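Below is one structure, written out as structure tokens; the observations come after it.
It should be emphasised that the depicted structure is a prediction, and the values quoted were computed from it without experimental measurement. Indexing begins at 1, ligand by ligand and atom by atom, following the structure's order.
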Amino acid sequence: MKHDIIAEPGILEVSNLHVAFGRPKDRVSVVNGVDFSLAKGEVLGILGESGSGKSVMLRSLMGLFPRRTHVTGHVRLAGQDLLAMDKKTLRNIRGRDVSMIFQEPMTSFDPVFTVGRQITETIRRHDGVSEQDAQARALELFELVAIPSAKSRLTNYPHEMSGGMRQRVMIALALACRPKVLLADEPTTALDVTVQIQILLLLRELQREMGMSVVFVTHDIGVAAEVADRIGVMYAGRFAELAPTRAAILTPRHPYTRGLLAATIHGQQRGDHIETIPGAPPNLAHLPTGCAFAPRCGRSVAACTEKMPEMTVFGKTHMARCYNPEPSQI
Ligand SMILES: Nc1ncnc2c1ncn2[C@@H]1O[C@H](COP(=O)(O)OP(=O)(O)OP(=O)(O)O)[C@@H](O)[C@H]1O
Ligand SMILES: [Mg+2]
């Protein structure tokens with residue numbers, strides 16, 4: 001059986017999403033047909049090498065695009081298509097129904113206002129509550145994300161905080177209006193390991209309490225295994241594999257996923273030879289006709305260079321785009 005979208009309706013439904021930059025003659029195709037459905041309360045972890053389109057895809061789910069972006073497809077949040085909305089409706093939805101923790105820690109802040117003010121403004125803009133109520137909520141949020149001396153921290157400017165604290169404020173800001181969907185782009189990469197784990201566990205706890213759905217980008221398979229219900233592996237702007245976390249890690253079907261896992265597992269043994277995937281990621285300005293991974297793939301067969309494989313379903317919810325998948329037992 002072959003199809004591209006999981007059948008059950010989710011809080012977020014993405015279908016046939018394509019994103020390209022530049023003018024038609026020098027167009028770079030970054031997202032090349034992404035389909036998935038995110039269930040209520042689900043945490044989807046996105047993995048993939050640098051440049052595979054993870055951040056661009058995630059920003060697309062908020063309808064955030066720079067100028068000269070060519071976008072097609074659908075991003076439906078609770079049934080409403082974000083890509084078909086006028087700017088005002090979209091602005092109202094951002095922060096309230098869907099919010100994002102950005103990869104670059106400073107992107108979310110305005111350097112000239114205190115962090116407390118930025119949170120209260122967000123709350124007031126979306127919920128229309130009084131200044132006093134907004135301040136009380138901001139304090140609650142700071143306590144929720146475990147910021148010590150929360151009350152006095154509200155009066156800090158972004159540059160007065162450490163990286164770890166700023167990250168927590170960013171999470172507080174993203175959670176300010178209790179979004180239905182939280183998008184998190186490597187929210188902890190810049191931090192040291194102990195702080196990373198603290199923040200991720202906190203995020204998972206908050207997600208459970210609030211029943212939010214989360215799409216979460218990470219470079220770290222260990223982190224994805226810990227936090228995600230399902231894992232999507234991106235290659236050249238598409239999902240190469242999309243599977244429940246356990247299946248993705250124990251029995252990956254796509255050779256690229258297998259390669260990523262091998263690199264991680266071997267990389268953890270100190271002094272060991274680190275297995276890497278041979279070759280380089282494809283040039284997004286000239287994607288091959290067939291599978292974009294074929295030139296680097298040890299399992300490539302003739303069909304792979306002729307036509308892009310469709311998403312194939314193995315078992316109920318395990319999907320991979322591959323003509324010659326890895327065996328189900330490894
Ligand atoms: N505004 C833009 N104009 C042109 N190209 C862009 C633009 N934004 C991103 N790209 C290109 O799109 C590709 C994917 O970028 P993206 O930031 O999504 O990668 P990523 O998977 O998040 O990588 P990383 O793991 O390093 O964060 C890159 O080649 C990048 O240079
Ligand atoms: Mg990125």
Side-chain angles (χ1 to χ4, degrees), residues 12 14 16-36 44-73 75 82-83 98-108 163 166-167 170-171 174 182-191 196 199-200 203 214-225 227-228 231-242 248 254 256-257 259-261 263-264 267 276-277 279-288 292-293 295-296 321:
L12 185 70
V14 180
N16 207 16
L17 180 67
H18 289 255
V19 181
F21 297 114
R23 291 164 301 186
K25 68 179 171 66
D26 46 25
R27 191 157 279 175
V28 181
S29 304
V30 175
V31 177
N32 296 301
V34 163
D35 297 278
F36 70 92
L44 173 66
I46 311 276
L47 292 168
E49 282 167 303
S50 188
S52 55
K54 304 181 297 296
S55 295
V56 170
M57 194 270 281
L58 210 66
R59 282 200 298 268
S60 307
L61 306 182
M62 286 265 276
L64 284 173
F65 305 103
R67 271 197 215 163
R68 287 228 176 103
T69 309
H70 184 76
V71 189
T72 57
V75 175
L82 295 188
L83 303 183
V98 54
S99 71
M100 184 152 175
I101 304 172
F102 288 91
Q103 186 170 10
E104 311 80 25
M106 289 304 275
T107 321
S108 308
R166 256 199 314 260
Q167 211 95 42
M170 233 187 354
I171 295 173
L182 178 70
L183 308 171
D185 194 354
E186 308 209 31
T188 58
T189 316
L191 307 173
Q196 271 199 43
I199 291 185
L200 288 168
L203 209 57
V214 179
V215 185
F216 178 87
V217 172
T218 177
H219 267 110
D220 190 324
I221 293 174
V223 163
V227 179
I231 288 181
V233 178
M234 272 186 96
Y235 193 79
R238 295 183 182 100
F239 280 125
E241 186 147 11
L242 196 56
H254 200 288
Y256 177 62
T257 311
L260 272 187
L261 285 164
T264 307
T276 52
I277 303 170
N283 178 350
L284 297 172
H286 303 283
L287 280 174
F293 185 60
R296 302 170 73 185
R321 273 182 196 273

**Message:** Tell me which residues fall inside the under-4.0 Å heavy-atom shell around ligand 1.
**Reply:** Phe21, Val30, Glu49, Ser50, Gly51, Ser52, Gly53, Lys54, Ser55, Val56, Pro66, Gln103, Glu186, His219, Leu284
**Request:** Using atom types as modelled and distance alone, determine if a side-chain donor or acceptor of Lys54 lies under 3.5 Å from a backbone N or O of Gly48.
**Result:** yes
**Request:** Nearest 0.5 Å please: distance from the CG atom of Leu64 over to the CE atom of Met100.
**Result:** 7.0 Å
**Prompt:** Would you say Asp35 and Phe239 make side-chain contact, with heavy atoms under 4.5 Å?
**Reply:** no
**Message:** Measuring from atom CZ of Arg321 to atom NE2 of His254, what distance do you get when rounded to the nearest 0.5 angstrom?
**Reply:** 9.0 Å
**N/O donor-acceptor pair under 3.5 Å between Arg27 side chain and Ala20 backbone** = no
**Item:** Any Asn16 side-chain heavy atom under 4.5 Å of His18 side chain
**Value:** yes
**Complete:** At a cut-off of 2.8 Å, protein N/O/S around the Mg ion (ligand 2) gives Ser55 OG, Gln103 OE1
**Asked** Between Asn32 and Arg238, what is the shortest heavy-atom contact and its length?
**Response** O-NE, 3.0 Å
**Item:** Side-chain donor or acceptor of Glu241 paired with backbone N/O of Thr257 under 3.5 Å
**Value:** no
**Message:** Distance check, rounded to the nearest 0.5 Å: Phe36 atom CZ versus Leu12 atom CG?
**Reply:** 5.0 Å
